[in-house]
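Beneath this line is the structure, given in structure tokens, with notes to follow.
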Amino acid sequence: MDNFFNTFYKVLTLCILSLLVWQCNPEPPTKNTPTVKTTERKPQANQRKVPKFEQDSAYAHIQKQVSFGTRVPNSPGHTACKNWLVNKLKSYKANVIEQDFTAEAYYGVTFNGTNIIAQYNPESTERVLLAAHWDTRHIGDADDDATLQKKPIDGADDGGSGVGVLLEIARLIGENGIDIGVDIILFDAEDNGSSSDAPQNEAQAMANAETWCLGSQHWGKNPHIPNYTARFGILLDMVGAKGARFPLEGHSARNAGPTLDKVWGLAKTMGFANYFVPEKGNPITDDHYFVMKHRQIPMIDIINLSPKNTQSFGDHWHTHDDNIEVIDRRVLKAVGRVVTAAVYRQNNGTL
């Protein structure tokens with residue numbers, strides 16, 4: 001009987017530890033969950049009209065990113081895409097900062113990364129943060145075809161879609177103006193972490209988690225403005241695939257609940273409740289986690305979580321099916337219009 005209980009507790013321990021490595025990316029232990037505060041903005045006398053988000057424009061931005069090939073740090077496609085992103089944001093009247101950094105990948109490569117930061121009204125102390133990652137994964141390790149598992153992927157959805165939506169929002173802000181400060185950060189080196197087997201203890205779980213999101217970890221510790229803060233942040237990750245659904249991601253619900261409730265409520269009133277579903281989702285160690293950990297900014301993650309399998313981000317995730325064919329303009333429309341409305345309603349004090 002003693003052997004039975006010893007075996008039972010060993011299996012139970014491994015199961016618990018496996019939950020700590022929920023990936024895109026692994027979740028650090030709950031005791032390290034960041035503490036953040038949310039503040040309100042009063043209605044403003046001058047109300048700005050919410051500009052119309054154009055999904056075709058966002059789609060074209062994704063196509064352009066994919067045309068550079070894979071955007072793994074240190075690759076030619078990465079450099080070419082960076083230059084295009086910087087110039088595109090400048091053309092949308094943003095003040096652009098290129099935050100260069102180096103970071104060690106888990107597989108022994110030193111990444112030369114760049115966080116691309118587009119500022120609107122940089123002098124304003126009233127700020128909103130929007131973010132996505134612009135790099136792509138160095139391997140298609142979830143691909144069914146073993147011959148493709150060591151090859152980098154296109155990342156049309158995982159990387160490209162969030163950037164495409166934010167570029168369109170940047171265009172709208174540049175053309176229509178806004179009164180509050182808005183920072184659009186395209187984080188680098190997010191998607192090249194370790195998908196190794198479940199760690200055997202908490203320390204290993206933490207170490208595995210920090211192989212991901214290298215750009216946001218760097219920015220969180222070294223923001224482009226000393227003591228940078230924002231009223232709230234919105235992260236977009238995998239927001240363009242056919243059949244996408246966005247439940248209430250766990251860290252968002254725990255640390256940025258008021259913002260999450262407002263955005264999902266806004267989506268419902270706008271007719272997009274079929275995408276923004278009011279269901280509890282797993283906590284994901286994504287870029288927003290490190291923003292909250294290091295900057296204490298309440299930040300939500302709009303991320304596609306599959307209803308078919310609680311351990312999945314969709315069948316195309318980290319495979320070579322993550323190409324332009326998986327992108328659905330209707331999903332881009334839903335996400336883009338909700339986020340645009342959230343930003344302008346915050347500007348107006350009506351979110």
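No hydrogens, no waters, no symmetry mates; every other heavy atom, side chains included, goes into these values.
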Exercise: do H316 and D158 side chains pair donor with acceptor under 3.5 Å: no
Output every pair passing side chain to side chain donor-acceptor pair (under 3.5 Å) with a member in residues 78-90, not counting sequence neighbours, ordered by first then second residue. H78-D188
Do you know which two heavy atoms are closest between A189 and F111, and how far apart they sit? CB-CD1, 4.1 Å
Return yes if some donor-acceptor pair links the side-chain N/O of S67 with the main-chain N/O of K64 below 3.5 Å, else return no. yes
Between R71 (side chain) and D154 (backbone), is there a donor-acceptor pair under 3.5 Å? yes
I'd like to know whether D237 forms a side-chain contact (heavy atoms from CB on, under 4.5 Å) with E190, so could you lay out the CA-CA distance, the side-chain angles of the two residues, the decisive distance to 0.1 Å, and finally the verdict. CA-CA 10 Å; D237 196 357; E190 185 269 358; 3.7 Å; yes
Do V291 and L235 share a hydrophobic cluster (ILVMFWY, side-chain heavy atoms under 4.5 Å, transitive)? yes
Measure from the side-chain N and O atoms of W212 to the backbone N and O of S194, and report whether any donor-acceptor pair falls under 3.5 Å. yes
Going through the distances and angles, do R245 and E279 end up as a salt bridge (charged side-chain N to carboxylate O under 4.0 Å, His left out)? CA-CA 10 Å; R245 62 195 299 279; E279 300 172 3; 2.5 Å; yes
Is there a path of hydrophobic side-chain contacts, each under 4.5 Å between heavy atoms, that joins F101 and V72? no
Using every non-hydrogen atom in the two residues, find where N304 and F313 come nearest and quote the distance to one decimal. O-CD2, 3.5 Å
Backbone N/O of G181 and side chain of E123: donor-acceptor pair under 3.5 Å: no
Flag for D100-T114: side-chain donor and acceptor within less than 3.5 Å: yes
Atom of I324, atom of A156 and distance for their closest heavy-atom approach: N-CB, 3.6 Å
side-chain contact (heavy atoms from CB on, under 4.5 Å) between H288 and E249, intermediate numbers included: CA-CA 11 Å; H288 72 310; E249 184 273 332; 2.9 Å; yes
Closest heavy-atom pair, S161 versus I327, reported as atoms and distance to 0.1 Å, is CB-CD1, 4.4 Å
Of F246, Y275, F272, the one forming a side-chain contact (heavy atoms from CB on, under 4.5 Å) with V338 is F272
Side chain R137, main chain I153, donor-acceptor under 3.5 Å: no
Using every non-hydrogen atom in the two residues, find where T70 and T136 come nearest and quote the distance to one decimal. C-OG1, 3.6 Å
Quick one about D287 and H133 (side-chain donor to acceptor, distance below 3.5 Å, no hydrogens or angles considered), yes or no? no
What closest approach, in Å, do C213 and D286 show between heavy atoms, and which atom pair accounts for it? SG-C, 3.5 Å
Quick one: sort the F290 and H294 rings into parallel, tilted or perpendicular, breaks at 30° and 60°. parallel
Is I97 linked to L129 within one hydrophobic cluster, defined over Ile, Leu, Val, Met, Phe, Trp and Tyr using a side-chain heavy-atom separation of less than 4.5 Å? yes
Tell me if a side-chain donor or acceptor on D144 pairs with a main-chain N or O of T319 at a distance below 3.5 Å. no
Do R330 and K242 pass the side-chain contact (heavy atoms from CB on, under 4.5 Å) test, and can you show the C-alpha distance, the side-chain angles, and the key distance before you say yes or no? CA-CA 8 Å; R330 294 170 297 181; K242 299 170 185 175; 5.8 Å; no
Is the side chain of N347 donor-acceptor paired with the backbone N or O of I180 at a distance under 3.5 Å, no angle test? yes
Run N323 and V66 through side-chain contact (heavy atoms from CB on, under 4.5 Å) and show every step you take. CA-CA 8 Å; N323 54 46; V66 172; 6.0 Å; no
Can you see whether D179 engages N46 through a side-chain donor-acceptor pair at a distance of less than 3.5 angstrom? no
Charged tip of R48 within 45° of Y344 ring normal and under 6.0 Å: no
Taking C-beta and beyond as the side chain, do V335 and F53 meet within less than 4.5 Å on heavy atoms? no
Can you check whether Q47's main-chain N or O pairs, donor with acceptor, with N348's side chain at less than 3.5 Å? no
Can you tell me if N176 has over 12 outside heavy atoms packed within less than 6.0 Å of its CG? yes
Indicate yes or no for a side-chain donor-acceptor contact from Y92 to the backbone of I169 under 3.5 Å, with no hydrogens or angles considered. no
Does any N or O in the side chain of H320 come within less than 3.5 Å of the main-chain N or O of L148, such that one atom is a donor and the other an acceptor? yes
Applying side-chain hydrogen bond (donor to acceptor under 3.5 Å, both in side chains), run through S57 and E168 and close with a yes or a no. CA-CA 6 Å; S57 176; E168 170 61 3; 2.8 Å; yes
